[in-house]
Protein chains: 2
Amino acid sequence: MRREVTLRDVAELAGVSSRTVSNVVNGYANVTERTRERVQRAVEELGYRPNVLARNLAQGRSGQIAVVVPYLDTPYFSELLQSVIRAARVGGYNVLIDQTDGDPEHERAFIADGSRRLLFDGVIFSPLGLDQQALTDRDPTLPLVILGERSSDGFFDHVGIDDVAASRQATEHLLDMGRQRIAAIGDQPYATGEAAQRRTRGFCDAHKGRGLTPQEDLIIQTPRFNRIDGAQAMNHLLDLPEPPDAVFCYSDLVALGAIRSIVSRGLRIPEDIAVIGYDDIEDGSYSNPTVTTISPDKEWIATTAVERLLLRIASDTPPPGLELRAPHRLIVRESTAGRTPDAR
Amino acid sequence: MRREVTLRDVAELAGVSSRTVSNVVNGYANVTERTRERVQRAVEELGYRPNVLARNLAQGRSGQIAVVVPYLDTPYFSELLQSVIRAARVGGYNVLIDQTDGDPEHERAFIADGSRRLLFDGVIFSPLGLDQQALTDRDPTLPLVILGERSSDGFFDHVGIDDVAASRQATEHLLDMGRQRIAAIGDQPYATGEAAQRRTRGFCDAHKGRGLTPQEDLIIQTPRFNRIDGAQAMNHLLDLPEPPDAVFCYSDLVALGAIRSIVSRGLRIPEDIAVIGYDDIEDGSYSNPTVTTISPDKEWIATTAVERLLLRIASDTPPPGLELRAPHRLIVRESTAGRTPDAR
DNA sequence: GTGAAAGCGCTAACAA
DNA sequence: TTGTTAGCGCTTTCAC
């Protein structure tokens, strides 16, 4: 490759020191208009462009943040990432994205004392395979914001909606529609299933709040929150001697899978079975039927996460870890309300 | 931040030169077993970890590749990205992802002589707003692989399926089902719509091959390939005095939008109107009805793109730009074949 | 097989 | 306001 034009070359041509050129290039400090112009001209004449790698080393920062999610092709994450990238760009940061496939080792590599540490100035992380303990054993110098699962240990920020309240609200909506046998799909009663457990709790709370008892056998566990999980769980439910008349799904993908199963059997939604989802992904507003769902404010989550992370990066004494509650709301669509006469 | 442990510190403790430590750390060259061990111990004792930033500068490479797509939340891209990340990881590369929102300026910034040039060793790029000309005015030193749209100018590789053939095949499938009035949704008759135009060509070729003439007024243009575009275009078609009995959609999202419109009007798929899509995204196999589609081999595309890019990065004399044809196949589902008796 | 030392190109403390 | 210069921490040529 051709020899690169360096700061020194520019300095020489412009007849100034490299320090001055650096100042001009970075828009720093006080530089005489005359000098600035002279430098500018030299820059253009030589086609100089700063070497990011050198700058990174000298500054000890990379100008990049990493966003780590379990699966990129989960619509919830890809929709969220979109907003994260935009927010980071505004803050002058590039975004390095990685997916972990939920592999604990891979996840740990990101937040532990690793050789990649300096590659990013901070990490926004949506863990899946790591339990709370593993989150605590991390590089303490790494600015970190956690999304979704888990809760803050006081040393990082955590951004997410109130799962318990949201799930309770979803379940109450089904109860309000007069449903009697409500199933839940997505429970994960083990260390890494915190988020799922919070949803189950909300589900039970809603029942208890009305003096009802949730039926154990209608709470179905799934390893993940994908379409296939929803389809399988729903098939199981439909095979019961007395199938449910409503289902609360822990994600919209699960709901879409469940809907597929229901429709395949020739049953009607919501007449025979009402379905509600979680996440408000775009698919849910175009499917047949469209899906009633809990809609977390993704824009708020993304913006807040980036904001807090940049703050952490900028501070030399790390701010206290916050528990940040994103707004959410219930969006009622066909899967519980039925087709409205003039739907289009 | 605490003072970092450097190579020199390790060398001092181990009583060797920094050169030797570097050799050990990188698994280079010939180092005596004894020396290696001594160094290894020092590394552990001090908790040394190499500084990626310094290494990058010294080597003049970043160990990162960028993947640039128009929209991250388009399932086709997020599914593809997933495979790209995996393939890159195997090759020892990190993936920096960016989305351009189809903005030509933003796109140009990535392939032009920019200050971010050194941040990635190569780029896999799926352009949307740039025409062929703009692609040619790029940093000639940048290893580049283009996905999807456009064709190679001989200086970069292009990976994609044969759009004309695939579209022809899709259309012929509809003709084979006895459809008479076939519409096409997604044409883009302007400079940046090459891919769309190739699909339109295939659509027309299929008709001509059977001695038929495609009807101009059934070829609908859309600005993008999203659900909303499909829904709107379909509504328009349904308002025609004589609506089509089949639609070829230029993406699965368009198909899903179209399906939504059709179902909303109480029409049946495929009895009244058959629908075929393009891309084979997961949604299409869980929707009601499931979507017949053209399925590009995404794994092949991702693997090949990464492979070629790494090859380009490694070569000092750039290899010739190749036009690489990914395999594709037609997947027949309910939107053209109807519900099979024992569907589940 | 190992050591010495010269970069890589930029930033920023210190001086002038 | 501008110049001088010492790093940033690693790689790598060249000599031993």
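By convention in this document, chain letters (A, B, ...) are assigned in the order of the sequence lines, proteins followed by strands, and residues within each chain are numbered from 1.
One atom, CD of B/Glu12, and another, C1' of C/dG3, lie 15 Å apart when rounded to the nearest Å. One atom, CG of B/Asn23, and another, C1' of D/dT12, lie 9 Å apart when rounded to the nearest Å. The interatomic distance linking A/Leu53 (CG) with C/dC10 (P) rounds to 11 Å, in whole Å. When the P atom of D/dT12 is taken as reference, atom CG of B/Leu57 falls 12 Å away, rounded to whole Å. At whole-Å resolution of the value, CZ in B/Arg61 and P in C/dG9 are 16 Å apart. Computed from coordinates, the A/Asn51 CG to C/dC8 P distance equals 11 Å when rounded to whole Å. C/dG9 atom P lies 11 Å from atom CG of A/Leu7, rounded to whole Å. Residue B/Leu119 contributes atom CG, which lies 15 Å from atom C1' of C/dG9 at whole-angstrom precision.
Under 3.5 Å, the side chain of B/Arg19 and the base of D/dT13 form at least one donor-acceptor pair of N or O atoms.
Partners of B/Arg8 according to the side-chain hydrogen bond (donor to acceptor under 3.5 Å, both in side chains) rule, which considers only residues two or more places apart in sequence or in another chain, do not exist here. B/Ser115 is linked by a side-chain contact (heavy atoms from CB on, under 4.5 Å) to A/Pro50, counting only residues two or more places apart in sequence or in another chain.
Within 6.0 Å of OH on A/Tyr190 lie more than 12 heavy atoms contributed by other residues, nucleotides or ligands.
Note on A/Asn26: a side-chain N or O is less than 4.0 Å away from OP1 or OP2 of C/dT11. For D/dT1, neither phosphate oxygen OP1 nor OP2 lies less than 4.0 angstrom from any side-chain nitrogen or oxygen of A/Thr32. A sub-4.0 Å separation between OP1 or OP2 of C/dC10 and a side-chain N or O of A/Ser18 is absent. Here B/Thr35 reaches the OP1 or OP2 of C/dT2: one of its side-chain N or O atoms lies under 4.0 Å away. Between D/dT11 and B/Ser22, a contact under 4.0 Å exists linking OP1 or OP2 to a side-chain N or O.
No salt bridge links A/Asp137 with A/Arg108; every basic N to acidic carboxylate O contact stays at or beyond 4.0 Å.
For B/Val16, whose side chain is taken as the heavy atoms from C-beta onward, the closest listed nucleotide among D/dG3, C/dG3, D/dT11 is C/dG3.
Ranked by how close their nearest DNA chain C nucleotide is to the 5' end, A/Val25 and B/Arg38 are led by B/Arg38. Projected onto DNA chain D by closest heavy-atom contact, A/Gln59 and A/Ser17 fall at different nucleotides, the more 5' of which corresponds to A/Ser17.
With A/Tyr71 as the aromatic partner, A/Arg224 meets the cation-pi criteria of under 6.0 angstrom to the ring centre and within 45 degrees of the ring axis.
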